[in-house]
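The sequence lines fix the lettering, A, B, ..., with proteins before strands; numbering per chain opens at 1.
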There are 2 protein chains.
Amino acid sequence: MHEMDSRPSPPQDFDGLKVLILERKGQLPKRLAQVAAYALDNPDEIAFGTAASIAASADVQPSTLVRFAQHFGFEGFSSLQQIFRARLRERTPGYDERLRALSGNDHSRLESGSIFNGFVAAGHRSLDNIAGSVAPESFERAVDILAGAETVYLLAKRRSYPITAYMAYAFGKLKVRYQLAGTAAGIDDDLLAMAGPRDAAFAVSFSPYASESVDQARLLASRKVPVVSLTDSAFSPLAESSKVWFELVEADHAGFRSLSASMAFAMALTVAIAEKRRRMGVEG
Amino acid sequence: MHEMDSRPSPPQDFDGLKVLILERKGQLPKRLAQVAAYALDNPDEIAFGTAASIAASADVQPSTLVRFAQHFGFEGFSSLQQIFRARLRERTPGYDERLRALSGNDHSRLESGSIFNGFVAAGHRSLDNIAGSVAPESFERAVDILAGAETVYLLAKRRSYPITAYMAYAFGKLKVRYQLAGTAAGIDDDLLAMAGPRDAAFAVSFSPYASESVDQARLLASRKVPVVSLTDSAFSPLAESSKVWFELVEADHAGFRSLSASMAFAMALTVAIAEKRRRMGVEG
DNA sequence: TTATCTATGGAATTTATGTTGCATTGAAAT
DNA sequence: ATTTCAATGCAACATAAATTCCATAGATAA
């Protein structure tokens, strides 16, 4: 009586579902086994298709898909589909082990732990993003421009400021001449007035855009100072003024973004510039 | 009559769509531009979400999404969504592909490429490190201490300064009272003189240790101000003055360290503090 | 200012999608 | 052979989603 055992505990991630399917594969009815095989072989189809299209493709009835889902503890096909979609979203393939380690580690017990884990995971994702989104040629061009400059002007405000602050520190150590704008209000204009075509600027601005940085970049560009910029959107007003620009979207946790990937990028750029200068200095 | 020119030729892949959007971004009406920006910034959401959920997230009407799609030659929103889904299908941002992308990608052909790859890889390693080395209980205690403070004093110099600078920005947004030391030399002492037992401090110092930060932390500790600190060595002189301290070793590339993991940690701490405060405020 | 056309928000409409119910089939047990 | 129960296919149903329509607000030109 009362078939309540039908929904014990649905798996919450793809891997969990996978092992569960493999465990029960032998005991599954014919059509359900058919679906199981199809699901593991074509996970992407399950993620994107509709119940009807998937059913046709797997040569079963749509209702079979629902029964399959319910058989594994889900409320219906839709809930099962979420697992397959989440798998594509979180795809930090190769880092999935680390992420599982994260969600299963001691942190998640405590309230603040999930926040901590969230930012670590977001950091990984961000780094994956830039690895794919930064074009090598652009990076090389940016290095060329900045390494060729007499003085590198660093432009950033608000959220972006820590990035240039760090670059400033590193430039200092690496003996690269620079000027950091934005330290004290008011003197920026005088500072930037000294920039000429033989210099170059690196500007960072994330939305919401600090208009000052954008204006300053525009000003420099109008005076033939080559500008390299880093932003989080192809729509950034910075892009217009820039010879080379990079789009770098930091993954967020609960809407908050850290600067993990930006810092890696900034450091790579900084060191690459110094390295190029060293070689130029030696070679000629 | 007969508006048939409305559907000339919809882009057939994501990249085609992207360049088309960027070309016309200037001439787009307000809401359509809003959708354009959202679409390029959150492609995954478009791929998986429903028109209603996406519209809510982008703060437009569902009908605007349809108009946006039609504006770019698609029959409706659904057709446009296919492009975003296809992008995820094809882009098997697969595990091996990622690793190959890093070790053998286009970057490594170019001189600067290996530097770029190196810092991305170092970032990943750093994040792995903190995931394992930060004890959940310690993190929780640190959050407790800092969330309970009236004013949070942020202490950092040199290489560590960008971290507290970023925290300062975030605290400002989150309405947490703070004081950032080290902005202008000389006034620090006056600033810190105001700190009392009901406040708290967060100090960051990596080797080589900036003696000022260490001294300031010691000073505050002697005046019963609880100190939480972040360092890269268990032997850091900061540890002595701290109620809770974290050891966080950033992986390096060719001897240079970026701040990827530190930034993730700082942001996690910042948000956790704000979250805890919000809850304390609500509960009593 | 007025007229005209575009852009926009919100509701109505229509499409299609997931789910459930029911009759039938097939297999196992008596 | 007969009974019983699970499994399956098919069609009706209910729901949710995309799309279209219309009234209004905003911009542009006369």
Side-chain angles (χ1 to χ4, degrees), chain A residues 1-8 10 17 21 24-39 42 44-86, chain B residues 1-8 10 21 24-39 42 45-86:
Chain A
M1 61 212 59
H2 305 316
E3 70 295 345
M4 12 181 336
D5 54 337
S6 64
R7 210 174 300 152
L17 176 62
I21 290 179
R24 301 211 215 151
K25 184 154 194 182
Q27 311 149 28
L28 247 45
K30 193 174 162 193
R31 290 289 122 98
L32 259 42
Q34 200 171 325
V35 172
Y38 183 86
N42 310 65
D44 287 13
E45 286 303 315
I46 306 260
F48 289 114
T50 69
S53 69
I54 296 167
S57 181
D59 198 30
V60 294
Q61 292 289 327
S63 49
T64 305
L65 292 181
V66 176
R67 295 193 187 106
F68 176 82
Q70 289 170 342
H71 186 90
F72 284 97
F74 298 94
E75 190 178 334
F77 169 72
S78 300
S79 337
L80 174 109
Q81 195 175 35
Q82 295 309 316
I83 301 292
F84 284 79
R85 294 190 165 178
Chain B
M1 51 215 69
H2 303 317
E3 69 294 346
M4 6 182 343
D5 55 338
S6 63
R7 210 174 301 149
I21 291 178
R24 301 208 213 153
K25 75 172 177 182
Q27 310 148 27
L28 248 46
K30 192 174 163 194
R31 289 288 119 96
L32 259 41
Q34 200 172 323
V35 173
Y38 182 87
N42 309 66
E45 286 303 314
I46 306 264
F48 288 112
T50 68
S53 69
I54 296 167
S57 182
D59 198 31
V60 295
Q61 292 287 329
S63 48
T64 305
L65 293 181
V66 177
R67 293 193 190 104
F68 176 81
Q70 290 171 340
H71 186 90
F72 284 97
F74 297 95
E75 190 179 330
F77 169 73
S78 301
S79 334
L80 174 111
Q81 195 176 36
Q82 295 309 317
I83 301 293
F84 284 79
R85 294 188 165 177

Trainee: Ignoring hydrogens and geometry, is there a side-chain-to-backbone donor-acceptor pair from B/Q81 to B/I46 under 3.5 Å?
Mentor: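 Yes, B/Q81 side chain to B/I46 backbone: donor-acceptor pair under 3.5 Å.
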
Trainee: Please state how far atom CZ in A/R31 lies from atom P in D/dT8, giving the value in whole angstrom units.
Mentor: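 Going from CZ in A/R31 over to P in D/dT8 covers 7 Å.
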
Trainee: Which listed nucleotide (C/dT17, D/dC10, C/dT19) is nearest to the side chain of A/T50?
Mentor: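 It is C/dT17.
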
Trainee: Are side-chain N/O atoms of A/Q34 and A/R31 paired as donor and acceptor at under 3.5 Å?
Mentor: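 Present: a donor and an acceptor within the cut-off.
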
Trainee: Can you check whether A/L32's main-chain N or O pairs, donor with acceptor, with A/R67's side chain at less than 3.5 Å?
Mentor: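 Side chain of A/R67 to backbone of A/L32, a donor-acceptor pair under 3.5 Å: no, none is there.
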
Trainee: To the nearest angstrom, how far is A/I46 atom CD1 from C/dG18 atom P?
Mentor: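 Answer to the nearest Å: 12 Å.
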
Trainee: So which nucleotide from C/dC22, C/dG9, C/dA7 ends up closest to the side chain of B/P29?
Mentor: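 It is C/dA7.
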
Trainee: Please give, in whole Å, the distance from C/dG18 C1' to A/Q81 CD?
Mentor: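 The distance from CD of A/Q81 to C1' of C/dG18 comes to 10 Å, rounded to the nearest Å.
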
Trainee: Which atom names give the shortest non-hydrogen contact between B/A58 and B/Y38, and what distance separates them?
Mentor: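 Shortest heavy-atom contact: CB-CG, 3.6 Å.
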
Trainee: When the distance from CD of B/E75 to P of C/dT15 is rounded to whole Å, what number comes out?
Mentor: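 Atom CD in B/E75 sits about 12 Å away from atom P in C/dT15.
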
Trainee: Report which part of the nucleic acid A/S63 touches: base, sugar-phosphate, or nothing (heavy-atom distance under 4.0 Å, all strands).
Mentor: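 Answer is base: heavy atoms of A/S63 come under 4.0 Å of a base.
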
Trainee: Rounding to an integer number of Å, can you tell me how far B/L32 CG sits from C/dG9 C1'?
Mentor: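 It is 14 Å, rounded to the nearest whole Å.
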
Trainee: Does A/Q61 have a side-chain nitrogen or oxygen under 4.0 Å from the phosphate oxygens OP1 or OP2 of D/dT8?
Mentor: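 For D/dT8, OP1/OP2 do not have a side-chain N/O of A/Q61 under 4.0 Å.
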
Trainee: Starting from C1' on D/dA17, measure out to CZ on B/F77 and report it in whole angstrom.
Mentor: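 Atom CZ in B/F77 sits about 10 Å away from atom C1' in D/dA17.
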
Trainee: Could you give the CD-to-C1' distance, from B/Q70 to D/dC21, as a whole number of Å?
Mentor: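 That distance rounds to 12 Å.
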
Trainee: Want to settle it: does B/T64 or A/A51 sit nearer the 5' end of DNA chain C, counting the closest nucleotide to each?
Mentor: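 Its nearest nucleotide lies further toward 5', so the answer is B/T64.
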
Trainee: Just the rounded figure in Å: distance from P of C/dA16 to CG of A/L65.
Mentor: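 In whole Å, C/dA16 P lies 19 Å from A/L65 CG.
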
